[in-house]
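Model, not experiment: these values are computed from the prediction. Note that ligands are numbered from 1 as they come in the structure, with each ligand's atoms numbered from 1 the same way.
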Amino acid sequence: MHRSQFTMELEKVHVVLFPYLSKGHMIPMLQLARLLLSHSYAGDISVTVFTTPLNRPFVAESLSGTKATIVDVPFPENVPEIPPGIECTDKLPALSSLFVPFTRATKSMQSDFERELMSLPRVSFMVSDGFLWWTQESARKLGFPWIVFLGMNCASTSILDSVFRNQLLSKVKSDTEPVSVPEFPWIKVRKCDFVKDMFAPKPTTDPGFKFIIDQVTSMNQSQGIIFNTFDDLEPVFLDFYKRKRELKPWALGPLCSVNNFLEGEVEEKVKPSWMKWLDKKRDKGCNVLYVAFGTQAEISREQLEEIALGLEESQVNFLWVFKGNELGEMFEERVGERGLTVRDEWVDQRKILEHESVRGFMSHCGWNSLMESICSKVPILAFPLAAEQPLNAILVVEELRVAERVVTASEGVVRREEIAQKVKDLMEGEKGKELRKNVEAYGKVAKKALEEGIGSSWKNLDNLINEFCNNGT
Ligand SMILES: O=c1ccn([C@@H]2O[C@H](COP(=O)(O)OP(=O)(O)O[C@H]3O[C@H](CO)[C@@H](O)[C@H](O)[C@H]3O)[C@@H](O)[C@H]2O)c(=O)[nH]1
(Lines give C-alpha, C1' and ligand atoms only; values in the text may rest on other atoms or scores of the structure.)
Protein backbone atom coordinates (compact mmCIF):
# COMPACT_ATOMS: atom_id res chain seq x y z
CA MET A 1 0.00 0.00 0.00
CA HIS A 2 1.20 3.51 -0.69
CA ARG A 3 2.79 5.27 2.25
CA SER A 4 0.78 8.47 1.87
CA GLN A 5 -2.30 6.60 2.99
CA PHE A 6 -0.68 6.36 6.40
CA THR A 7 0.39 9.96 6.74
CA MET A 8 -1.24 10.19 10.13
CA GLU A 9 0.77 7.25 11.43
CA LEU A 10 4.15 8.47 10.24
CA GLU A 11 6.39 9.59 13.02
CA LYS A 12 8.08 12.96 12.95
CA VAL A 13 11.60 12.58 11.67
CA HIS A 14 14.32 14.50 13.47
CA VAL A 15 17.86 14.11 12.18
CA VAL A 16 20.92 15.38 14.00
CA LEU A 17 23.98 16.14 11.87
CA PHE A 18 27.45 16.85 13.18
CA PRO A 19 29.94 17.70 10.42
CA TYR A 20 33.68 17.64 11.07
CA LEU A 21 35.30 21.04 11.47
CA SER A 22 36.78 21.44 8.00
CA LYS A 23 35.19 22.96 4.89
CA GLY A 24 35.67 19.85 2.73
CA HIS A 25 33.69 17.82 5.27
CA MET A 26 31.16 20.48 6.29
CA ILE A 27 30.05 21.31 2.74
CA PRO A 28 28.69 17.88 1.76
CA MET A 29 27.04 17.36 5.13
CA LEU A 30 25.29 20.71 4.96
CA GLN A 31 24.14 19.71 1.50
CA LEU A 32 22.82 16.52 3.09
CA ALA A 33 20.87 18.73 5.53
CA ARG A 34 19.28 20.51 2.59
CA LEU A 35 18.56 17.22 0.88
CA LEU A 36 16.79 15.88 3.96
CA LEU A 37 14.76 19.06 4.33
CA SER A 38 13.74 19.06 0.68
CA HIS A 39 12.80 15.38 0.60
CA SER A 40 9.16 14.86 -0.10
CA TYR A 41 8.67 12.45 2.77
CA ALA A 42 5.04 12.42 3.69
CA GLY A 43 5.74 13.16 7.35
CA ASP A 44 7.61 16.00 8.92
CA ILE A 45 11.41 16.20 8.72
CA SER A 46 13.44 18.47 10.95
CA VAL A 47 17.22 18.77 11.05
CA THR A 48 19.51 20.00 13.80
CA VAL A 49 23.11 20.75 12.85
CA PHE A 50 25.85 20.90 15.46
CA THR A 51 28.96 23.02 15.06
CA THR A 52 31.20 25.40 17.04
CA PRO A 53 30.76 29.17 17.48
CA LEU A 54 33.38 30.23 14.94
CA ASN A 55 32.01 27.83 12.31
CA ARG A 56 28.46 28.98 12.86
CA PRO A 57 28.45 31.82 10.27
CA PHE A 58 29.58 29.44 7.49
CA VAL A 59 27.03 26.83 8.54
CA ALA A 60 24.26 29.44 8.82
CA GLU A 61 25.04 30.88 5.41
CA SER A 62 25.15 27.44 3.81
CA LEU A 63 21.75 26.63 5.31
CA SER A 64 20.13 30.00 4.67
CA GLY A 65 16.53 29.76 3.57
CA THR A 66 16.04 26.39 5.26
CA LYS A 67 14.37 25.64 8.58
CA ALA A 68 17.41 23.78 9.93
CA THR A 69 18.25 24.47 13.57
CA ILE A 70 21.90 25.22 14.34
CA VAL A 71 23.35 24.51 17.76
CA ASP A 72 26.89 25.46 18.65
CA VAL A 73 28.99 23.79 21.27
CA PRO A 74 32.13 25.60 22.48
CA PHE A 75 35.42 24.35 21.05
CA PRO A 76 37.86 23.44 23.86
CA GLU A 77 40.16 26.21 25.00
CA ASN A 78 43.85 25.94 25.78
CA VAL A 79 44.64 22.91 23.65
CA PRO A 80 48.46 22.92 23.85
CA GLU A 81 49.34 22.65 20.14
CA ILE A 82 46.38 24.57 18.68
CA PRO A 83 46.62 28.36 18.42
CA PRO A 84 43.62 30.06 20.08
CA GLY A 85 40.74 31.08 17.85
CA ILE A 86 41.11 28.18 15.42
CA GLU A 87 38.09 25.94 15.08
CA CYS A 88 38.43 24.82 11.46
CA THR A 89 41.26 22.79 9.92
CA ASP A 90 41.78 25.11 6.96
CA LYS A 91 42.97 27.75 9.45
CA LEU A 92 45.57 25.44 11.02
CA PRO A 93 49.12 26.62 10.28
CA ALA A 94 50.42 23.09 9.58
CA LEU A 95 47.57 20.69 9.00
CA SER A 96 49.73 17.60 8.53
CA SER A 97 51.18 17.80 12.04
CA LEU A 98 48.22 19.37 13.86
CA PHE A 99 45.38 17.30 12.44
CA VAL A 100 45.51 14.64 15.17
CA PRO A 101 45.73 16.97 18.22
CA PHE A 102 43.03 19.23 16.71
CA THR A 103 40.67 16.33 16.04
CA ARG A 104 41.45 14.64 19.34
CA ALA A 105 40.55 17.90 21.15
CA THR A 106 36.98 17.74 19.83
CA LYS A 107 36.29 14.95 22.34
CA SER A 108 36.22 17.59 25.09
CA MET A 109 32.99 18.82 23.50
CA GLN A 110 31.23 15.56 24.34
CA SER A 111 29.55 16.51 27.63
CA ASP A 112 28.21 19.82 26.26
CA PHE A 113 27.08 18.01 23.13
CA GLU A 114 25.18 15.40 25.12
CA ARG A 115 23.55 18.04 27.31
CA GLU A 116 22.30 19.82 24.19
CA LEU A 117 21.09 16.56 22.66
CA MET A 118 19.02 15.81 25.74
CA SER A 119 17.20 19.11 25.42
CA LEU A 120 16.19 18.45 21.80
CA PRO A 121 12.99 16.82 20.54
CA ARG A 122 13.32 13.05 20.17
CA VAL A 123 16.10 12.20 17.71
CA SER A 124 15.33 9.65 14.96
CA PHE A 125 18.95 9.15 13.96
CA MET A 126 22.24 10.99 13.89
CA VAL A 127 24.72 11.33 11.06
CA SER A 128 28.17 12.52 12.00
CA ASP A 129 31.61 12.57 10.53
CA GLY A 130 33.85 9.56 11.16
CA PHE A 131 36.51 11.95 12.49
CA LEU A 132 34.12 12.79 15.36
CA TRP A 133 34.32 9.18 16.51
CA TRP A 134 33.11 9.96 20.04
CA THR A 135 29.66 11.03 18.82
CA GLN A 136 28.91 7.31 18.31
CA GLU A 137 29.14 6.83 22.07
CA SER A 138 26.77 9.76 22.63
CA ALA A 139 24.20 8.27 20.26
CA ARG A 140 24.48 4.89 21.95
CA LYS A 141 24.08 6.40 25.43
CA LEU A 142 20.99 8.33 24.37
CA GLY A 143 19.55 5.39 22.48
CA PHE A 144 19.29 6.41 18.84
CA PRO A 145 20.97 5.07 15.67
CA TRP A 146 24.25 6.53 14.45
CA ILE A 147 25.19 6.61 10.79
CA VAL A 148 28.71 7.53 9.76
CA PHE A 149 29.70 9.88 6.96
CA LEU A 150 33.31 10.11 5.77
CA GLY A 151 32.99 12.46 2.82
CA MET A 152 34.78 9.84 0.73
CA ASN A 153 33.55 7.76 -2.19
CA CYS A 154 32.94 4.03 -1.97
CA ALA A 155 35.88 3.03 -4.22
CA SER A 156 38.55 4.75 -2.13
CA THR A 157 36.98 3.53 1.11
CA SER A 158 36.93 -0.05 -0.21
CA ILE A 159 40.48 0.07 -1.59
CA LEU A 160 41.84 1.59 1.62
CA ASP A 161 40.01 -1.02 3.66
CA SER A 162 41.33 -3.86 1.52
CA VAL A 163 44.91 -2.59 1.66
CA PHE A 164 44.75 -2.48 5.46
CA ARG A 165 42.98 -5.77 6.02
CA ASN A 166 45.41 -7.59 3.76
CA GLN A 167 48.46 -5.69 5.05
CA LEU A 168 49.13 -5.29 1.36
CA LEU A 169 51.95 -2.77 1.42
CA SER A 170 53.50 -3.37 4.82
CA LYS A 171 56.33 -5.45 3.39
CA VAL A 172 56.76 -3.62 0.10
CA LYS A 173 60.00 -1.61 0.09
CA SER A 174 59.59 0.43 -3.09
CA ASP A 175 57.41 3.52 -3.05
CA THR A 176 56.45 3.15 -6.68
CA GLU A 177 56.04 -0.61 -7.24
CA PRO A 178 52.45 -1.32 -8.34
CA VAL A 179 50.66 -4.02 -6.31
CA SER A 180 47.24 -5.51 -7.18
CA VAL A 181 44.44 -4.94 -4.66
CA PRO A 182 43.17 -8.47 -3.71
CA GLU A 183 39.44 -7.71 -3.99
CA PHE A 184 39.89 -5.60 -7.13
CA PRO A 185 42.86 -7.23 -8.90
CA TRP A 186 42.68 -4.95 -11.94
CA ILE A 187 43.50 -2.00 -9.67
CA LYS A 188 47.11 -1.48 -8.72
CA VAL A 189 48.25 0.75 -5.87
CA ARG A 190 51.67 1.97 -4.81
CA LYS A 191 53.00 2.98 -1.44
CA CYS A 192 53.25 6.57 -2.63
CA ASP A 193 49.45 6.56 -3.14
CA PHE A 194 49.04 6.62 0.64
CA VAL A 195 49.84 9.02 3.44
CA LYS A 196 53.58 8.96 4.17
CA ASP A 197 54.62 6.45 6.85
CA MET A 198 51.14 4.96 6.94
CA PHE A 199 52.58 1.46 6.81
CA ALA A 200 55.54 1.98 9.11
CA PRO A 201 55.21 -0.03 12.34
CA LYS A 202 54.04 2.19 15.18
CA PRO A 203 53.72 1.77 18.96
CA THR A 204 50.12 1.50 20.18
CA THR A 205 50.71 4.76 22.07
CA ASP A 206 51.31 6.69 18.83
CA PRO A 207 48.59 9.42 18.73
CA GLY A 208 47.93 8.94 15.00
CA PHE A 209 47.64 5.19 15.39
CA LYS A 210 45.35 5.54 18.43
CA PHE A 211 43.15 7.93 16.48
CA ILE A 212 42.73 5.45 13.60
CA ILE A 213 41.85 2.67 16.05
CA ASP A 214 39.24 4.85 17.78
CA GLN A 215 37.78 5.83 14.44
CA VAL A 216 37.59 2.27 13.10
CA THR A 217 36.13 0.96 16.38
CA SER A 218 33.32 3.51 16.39
CA MET A 219 32.65 3.03 12.68
CA ASN A 220 32.23 -0.69 13.25
CA GLN A 221 29.49 0.07 15.74
CA SER A 222 27.58 2.36 13.44
CA GLN A 223 24.30 1.42 11.77
CA GLY A 224 25.38 2.36 8.27
CA ILE A 225 27.62 4.52 6.14
CA ILE A 226 26.56 7.35 3.85
CA PHE A 227 28.52 7.91 0.63
CA ASN A 228 28.41 11.09 -1.40
CA THR A 229 28.06 9.12 -4.62
CA PHE A 230 25.34 7.51 -6.71
CA ASP A 231 24.65 3.92 -7.73
CA ASP A 232 25.61 4.30 -11.41
CA LEU A 233 28.94 5.96 -10.64
CA GLU A 234 30.57 3.15 -8.71
CA PRO A 235 28.34 0.08 -9.09
CA VAL A 236 31.19 -2.42 -8.64
CA PHE A 237 32.39 -0.88 -5.39
CA LEU A 238 28.93 -0.28 -3.92
CA ASP A 239 27.98 -3.84 -4.76
CA PHE A 240 31.18 -5.10 -3.13
CA TYR A 241 30.47 -3.05 -0.02
CA LYS A 242 26.93 -4.39 0.20
CA ARG A 243 28.03 -8.00 -0.17
CA LYS A 244 31.30 -8.06 1.71
CA ARG A 245 31.16 -5.47 4.45
CA GLU A 246 28.96 -5.36 7.50
CA LEU A 247 28.22 -1.65 7.35
CA LYS A 248 25.27 -0.96 5.09
CA PRO A 249 26.20 1.61 2.43
CA TRP A 250 23.79 4.39 1.44
CA ALA A 251 24.61 6.24 -1.79
CA LEU A 252 22.85 9.61 -1.46
CA GLY A 253 24.78 11.83 -3.88
CA PRO A 254 25.71 13.83 -5.77
CA LEU A 255 25.17 16.10 -2.76
CA CYS A 256 26.61 19.10 -4.61
CA SER A 257 23.53 19.09 -6.84
CA VAL A 258 21.22 19.75 -3.92
CA ASN A 259 22.17 23.42 -3.58
CA ASN A 260 21.66 23.88 -7.26
CA PHE A 261 18.05 22.81 -7.13
CA LEU A 262 17.32 25.24 -4.33
CA GLU A 263 19.34 28.25 -5.30
CA GLY A 264 18.29 28.38 -8.92
CA GLU A 265 16.27 31.54 -8.58
CA VAL A 266 18.50 33.51 -6.23
CA GLU A 267 20.12 36.32 -8.20
CA GLU A 268 23.64 37.31 -7.28
CA LYS A 269 23.78 40.93 -6.14
CA VAL A 270 27.37 41.67 -7.07
CA LYS A 271 29.23 39.51 -9.55
CA PRO A 272 32.74 38.66 -8.32
CA SER A 273 35.62 39.82 -10.53
CA TRP A 274 36.52 36.24 -11.56
CA MET A 275 32.99 35.59 -12.81
CA LYS A 276 33.15 38.79 -14.88
CA TRP A 277 36.52 37.64 -16.22
CA LEU A 278 34.99 34.28 -17.17
CA ASP A 279 32.10 36.09 -18.90
CA LYS A 280 34.62 38.04 -20.97
CA LYS A 281 36.40 34.83 -21.96
CA ARG A 282 33.09 33.27 -22.95
CA ASP A 283 32.16 36.31 -25.04
CA LYS A 284 35.48 36.02 -26.88
CA GLY A 285 34.92 32.31 -27.45
CA CYS A 286 37.90 31.27 -25.27
CA ASN A 287 38.03 28.02 -23.31
CA VAL A 288 39.31 28.27 -19.74
CA LEU A 289 41.11 25.77 -17.51
CA TYR A 290 40.06 26.10 -13.86
CA VAL A 291 42.86 25.29 -11.40
CA ALA A 292 42.18 24.69 -7.69
CA PHE A 293 43.47 22.43 -4.95
CA GLY A 294 40.73 22.51 -2.29
CA THR A 295 40.79 23.95 1.18
CA GLN A 296 43.59 21.96 2.82
CA ALA A 297 46.44 21.50 0.37
CA GLU A 298 49.90 22.48 1.56
CA ILE A 299 51.80 22.98 -1.69
CA SER A 300 55.56 23.44 -1.55
CA ARG A 301 57.10 26.61 -2.95
CA GLU A 302 58.88 24.50 -5.57
CA GLN A 303 55.68 22.75 -6.70
CA LEU A 304 53.80 26.03 -6.83
CA GLU A 305 56.46 27.47 -9.10
CA GLU A 306 56.35 24.44 -11.42
CA ILE A 307 52.56 24.78 -11.68
CA ALA A 308 52.91 28.47 -12.52
CA LEU A 309 55.54 27.82 -15.18
CA GLY A 310 53.61 24.86 -16.58
CA LEU A 311 50.48 26.97 -16.96
CA GLU A 312 52.50 29.72 -18.59
CA GLU A 313 54.09 27.29 -21.04
CA SER A 314 50.77 25.63 -21.91
CA GLN A 315 49.46 28.87 -23.48
CA VAL A 316 45.89 28.08 -22.37
CA ASN A 317 43.53 30.51 -20.63
CA PHE A 318 43.31 29.69 -16.94
CA LEU A 319 41.67 30.76 -13.69
CA TRP A 320 43.78 29.67 -10.73
CA VAL A 321 42.40 29.84 -7.18
CA PHE A 322 45.00 29.15 -4.51
CA LYS A 323 46.01 29.70 -0.89
CA GLY A 324 49.21 30.85 0.72
CA ASN A 325 52.48 31.67 -1.04
CA GLU A 326 52.61 34.55 -3.50
CA LEU A 327 53.57 33.84 -7.09
CA GLY A 328 55.50 37.00 -7.75
CA GLU A 329 54.29 39.91 -9.85
CA MET A 330 56.30 38.91 -12.86
CA PHE A 331 54.19 35.81 -13.35
CA GLU A 332 50.97 37.78 -13.65
CA GLU A 333 52.65 40.26 -15.99
CA ARG A 334 53.97 37.51 -18.20
CA VAL A 335 50.66 35.66 -18.58
CA GLY A 336 48.69 38.91 -18.90
CA GLU A 337 45.05 38.58 -19.98
CA ARG A 338 45.47 34.86 -20.53
CA GLY A 339 45.40 33.99 -16.85
CA LEU A 340 43.69 35.17 -13.68
CA THR A 341 44.91 34.24 -10.21
CA VAL A 342 42.75 34.52 -7.11
CA ARG A 343 44.68 34.22 -3.87
CA ASP A 344 43.25 33.52 -0.40
CA GLU A 345 39.67 34.26 -1.37
CA TRP A 346 36.61 32.07 -1.16
CA VAL A 347 35.03 31.51 -4.56
CA ASP A 348 31.84 29.71 -5.51
CA GLN A 349 33.60 26.76 -7.13
CA ARG A 350 30.43 25.08 -8.28
CA LYS A 351 29.42 28.25 -10.17
CA ILE A 352 32.86 28.49 -11.76
CA LEU A 353 32.67 24.88 -12.94
CA GLU A 354 29.19 25.53 -14.33
CA HIS A 355 30.40 28.53 -16.34
CA GLU A 356 30.18 27.97 -20.11
CA SER A 357 33.82 28.96 -20.67
CA VAL A 358 35.27 26.42 -18.21
CA ARG A 359 36.27 23.36 -20.22
CA GLY A 360 38.82 21.67 -17.95
CA PHE A 361 39.69 21.40 -14.25
CA MET A 362 43.16 20.82 -12.83
CA SER A 363 42.25 19.44 -9.42
CA HIS A 364 43.90 17.95 -6.33
CA CYS A 365 41.16 15.29 -6.45
CA GLY A 366 39.32 16.12 -3.23
CA TRP A 367 36.13 14.14 -3.58
CA ASN A 368 33.85 17.19 -3.48
CA SER A 369 35.77 18.82 -6.32
CA LEU A 370 35.61 15.68 -8.43
CA MET A 371 31.87 15.28 -7.89
CA GLU A 372 31.34 18.93 -8.75
CA SER A 373 33.37 18.54 -11.93
CA ILE A 374 31.47 15.44 -13.00
CA CYS A 375 28.12 17.11 -12.30
CA SER A 376 29.25 20.16 -14.31
CA LYS A 377 30.45 17.87 -17.14
CA VAL A 378 34.00 19.23 -16.98
CA PRO A 379 36.90 16.80 -17.69
CA ILE A 380 39.68 16.69 -15.12
CA LEU A 381 43.44 16.84 -14.94
CA ALA A 382 44.12 14.84 -11.78
CA PHE A 383 46.86 16.28 -9.59
CA PRO A 384 46.47 14.36 -6.30
CA LEU A 385 48.38 15.78 -3.35
CA ALA A 386 47.42 14.14 -0.06
CA ALA A 387 44.90 12.11 1.94
CA GLU A 388 42.85 9.67 -0.20
CA GLN A 389 43.27 11.86 -3.31
CA PRO A 390 45.55 9.40 -5.19
CA LEU A 391 42.84 6.73 -4.80
CA ASN A 392 40.21 9.18 -6.04
CA ALA A 393 42.49 9.78 -9.01
CA ILE A 394 42.51 6.03 -9.75
CA LEU A 395 38.69 6.10 -9.77
CA VAL A 396 38.34 9.05 -12.16
CA VAL A 397 41.27 8.14 -14.44
CA GLU A 398 41.09 4.36 -14.70
CA GLU A 399 37.51 3.45 -13.84
CA LEU A 400 35.40 6.37 -15.02
CA ARG A 401 37.81 7.68 -17.67
CA VAL A 402 36.83 11.28 -17.08
CA ALA A 403 40.36 12.38 -16.14
CA GLU A 404 44.00 12.32 -17.19
CA ARG A 405 46.67 12.24 -14.46
CA VAL A 406 49.92 14.15 -14.14
CA VAL A 407 53.03 12.05 -13.54
CA THR A 408 55.24 12.97 -10.60
CA ALA A 409 58.98 13.10 -11.27
CA SER A 410 61.29 11.01 -9.10
CA GLU A 411 61.95 13.96 -6.78
CA GLY A 412 58.26 14.01 -5.77
CA VAL A 413 57.43 17.14 -7.77
CA VAL A 414 55.35 17.38 -10.95
CA ARG A 415 57.51 19.27 -13.45
CA ARG A 416 56.42 22.20 -15.63
CA GLU A 417 56.88 20.32 -18.95
CA GLU A 418 54.58 17.53 -17.74
CA ILE A 419 51.98 20.05 -16.56
CA ALA A 420 52.10 22.04 -19.81
CA GLN A 421 51.76 18.90 -21.94
CA LYS A 422 48.87 17.38 -19.98
CA VAL A 423 47.07 20.74 -19.84
CA LYS A 424 47.32 21.04 -23.64
CA ASP A 425 46.12 17.42 -24.07
CA LEU A 426 43.12 18.15 -21.87
CA MET A 427 42.16 21.50 -23.37
CA GLU A 428 43.04 21.01 -27.02
CA GLY A 429 43.93 17.38 -27.72
CA GLU A 430 42.10 14.20 -28.68
CA LYS A 431 42.45 12.96 -25.11
CA GLY A 432 40.44 15.94 -23.87
CA LYS A 433 37.67 15.20 -26.38
CA GLU A 434 37.41 11.61 -25.23
CA LEU A 435 37.33 12.57 -21.55
CA ARG A 436 34.71 15.26 -22.24
CA LYS A 437 32.47 12.74 -23.95
CA ASN A 438 32.71 10.42 -20.96
CA VAL A 439 32.16 13.12 -18.35
CA GLU A 440 29.13 14.42 -20.22
CA ALA A 441 27.59 10.97 -20.04
CA TYR A 442 28.24 10.69 -16.29
CA GLY A 443 27.01 14.26 -15.76
CA LYS A 444 23.67 13.33 -17.31
CA VAL A 445 23.31 10.25 -15.11
CA ALA A 446 24.33 12.28 -12.04
CA LYS A 447 21.46 14.67 -12.62
CA LYS A 448 18.96 11.83 -12.65
CA ALA A 449 20.17 10.30 -9.37
CA LEU A 450 18.34 12.86 -7.22
CA GLU A 451 15.21 13.18 -9.32
CA GLU A 452 12.17 13.00 -7.13
CA GLY A 453 10.51 9.62 -7.00
CA ILE A 454 12.70 7.96 -9.62
CA GLY A 455 16.38 8.77 -8.98
CA SER A 456 18.49 6.07 -7.30
CA SER A 457 19.77 8.40 -4.55
CA TRP A 458 16.28 9.80 -3.98
CA LYS A 459 15.02 6.25 -3.48
CA ASN A 460 17.98 5.35 -1.26
CA LEU A 461 17.22 8.32 0.99
CA ASP A 462 13.57 7.36 1.09
CA ASN A 463 14.54 3.84 2.15
CA LEU A 464 16.96 5.16 4.75
CA ILE A 465 14.30 7.36 6.31
CA ASN A 466 11.87 4.46 6.40
CA GLU A 467 14.42 2.06 7.81
CA PHE A 468 15.36 4.33 10.68
CA CYS A 469 12.13 6.15 11.35
CA ASN A 470 9.17 3.87 10.76
CA ASN A 471 10.33 0.64 12.26
CA GLY A 472 10.93 -0.65 8.79
CA THR A 473 7.30 -0.31 7.72
O1 LIG B 1 37.32 28.94 -2.58
C2 LIG B 1 36.78 27.84 -2.46
C3 LIG B 1 37.47 26.68 -2.05
C4 LIG B 1 36.77 25.50 -1.96
N5 LIG B 1 35.45 25.45 -2.23
C6 LIG B 1 34.70 24.20 -2.05
O7 LIG B 1 35.30 23.48 -0.98
C8 LIG B 1 35.17 22.09 -1.19
C9 LIG B 1 36.54 21.48 -1.12
O10 LIG B 1 36.41 20.09 -1.01
P11 LIG B 1 37.37 19.06 -1.72
O12 LIG B 1 37.47 19.33 -3.14
O13 LIG B 1 36.88 17.68 -1.37
O14 LIG B 1 38.80 19.35 -1.13
P15 LIG B 1 39.40 19.43 0.38
O16 LIG B 1 38.99 20.67 1.00
O17 LIG B 1 40.84 19.16 0.22
O18 LIG B 1 38.70 18.16 1.10
C19 LIG B 1 39.05 17.26 2.11
O20 LIG B 1 37.86 16.46 2.25
C21 LIG B 1 37.50 15.69 1.09
C22 LIG B 1 36.20 14.99 1.40
O23 LIG B 1 36.35 14.10 2.46
C24 LIG B 1 38.61 14.73 0.73
O25 LIG B 1 38.27 14.02 -0.45
C26 LIG B 1 39.92 15.49 0.54
O27 LIG B 1 40.98 14.59 0.28
C28 LIG B 1 40.22 16.32 1.78
O29 LIG B 1 41.41 17.08 1.61
C30 LIG B 1 34.52 21.93 -2.56
O31 LIG B 1 33.14 21.72 -2.36
C32 LIG B 1 34.74 23.27 -3.24
O33 LIG B 1 33.76 23.58 -4.17
C34 LIG B 1 34.78 26.57 -2.65
O35 LIG B 1 33.58 26.53 -2.94
N36 LIG B 1 35.47 27.72 -2.76
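- Of all protein heavy atoms, the one closest to atom 18 (O) of ligand 1 is Gly24 CA, 3.8 Å.
- The pair Arg245-Glu183 counts as a salt bridge, with a side-chain nitrogen and a carboxylate oxygen less than 4.0 angstrom apart.
- Taking the six-membered ring where the residue is Trp, Tyr20 and Phe102 present perpendicular rings, their angle passing 60° and hence far from 30°.
- Heavy atoms from both the backbone and the side chain of Ser369 come within less than 4.0 Å of ligand 1.
- Checked by distance only, ligand 1 and Glu372 come closer than 3.5 Å through their nitrogen or oxygen atoms.
- Here the protein heavy atom with the shortest distance to atom 27 (O) of ligand 1 is Glu388 OE1, 2.7 Å.
- Salt bridge status for Glu440 with Lys377: absent, with no side-chain N to carboxylate O gap under 4.0 Å.
- Nearest-heavy-atom check against atom 35 (O) of ligand 1 across Leu255, Val347, Asp90 picks out Val347.
- Nearest to atom 16 (O) of ligand 1 among the protein's heavy atoms is Thr295 OG1, 2.4 Å.
- The protein atom (non-hydrogen) at minimum distance from atom 10 (O) of ligand 1 is Asn368 ND2, 3.2 Å.
- Of all atoms in ligand 1, numbered sequentially from 1 with element shown, those under 4.0 Å from a heavy atom of His25 are 20 (O), 23 (O).
- With a 4.5 Å cut-off on side-chain heavy atoms, Trp367 and Met152 do not count as touching.
- When only non-hydrogen protein atoms are considered, atom 14 (O) of ligand 1 lies nearest to His364 NE2, 3.0 Å.
- Proximity of the aromatic rings of Phe293 and Phe322 is defined here by a centroid distance below 6.0 angstrom, and this criterion is not met.
- Val47 pairs with exactly one of Leu37, Thr66, Thr69 by the side-chain contact (heavy atoms from CB on, under 4.5 Å) rule, that one being Leu37.
- With hydrogens and angles disregarded, no donor-acceptor distance shorter than 3.5 Å links the side chain of Ser22 to the backbone of Thr89.
- Within ligand 1, counting atoms from 1 as listed, the ones closer than 4.0 Å to a heavy atom of Glu345 are 1 (O).
- Considering Gln389, Arg350, Gln31, Lys23 only, the shortest heavy-atom separation from atom 29 (O) of ligand 1 involves Gln389.
- Annotation: atom 5 (N) of ligand 1 to nearest protein heavy atom, Trp346 CH2, 3.4 Å.
- Scored by the ring-ring contact (aromatic ring centres under 6.0 Å, His included) test, Phe318 finds no partners at all (sequence neighbours excluded).
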side-chain hydrogen bond (donor to acceptor under 3.5 Å, both in side chains) for Asp72 and Thr52? Distances and angles first, verdict last.
CA-CA 5 Å; Asp72 49 50; Thr52 68; over 6 Å; no
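- Against a heavy-atom cut-off of under 4.0 Å, Leu150 is close to the following atoms of ligand 1: 23 (O).
- Taking every non-hydrogen atom of Ala387 and a distance limit under 4.0 Å, the qualifying atoms of ligand 1 come out as 27 (O).
- Given atom 8 (C) of ligand 1, the protein heavy atom at minimum distance is Ile27 CD1, 3.6 Å.
- The protein atom (non-hydrogen) at minimum distance from atom 22 (C) of ligand 1 is Gly151 O, 3.5 Å.
- By the 4.0 Å N-to-carboxylate-O rule, Asp239 lies too far from Lys242 to be salt-bridged with it.
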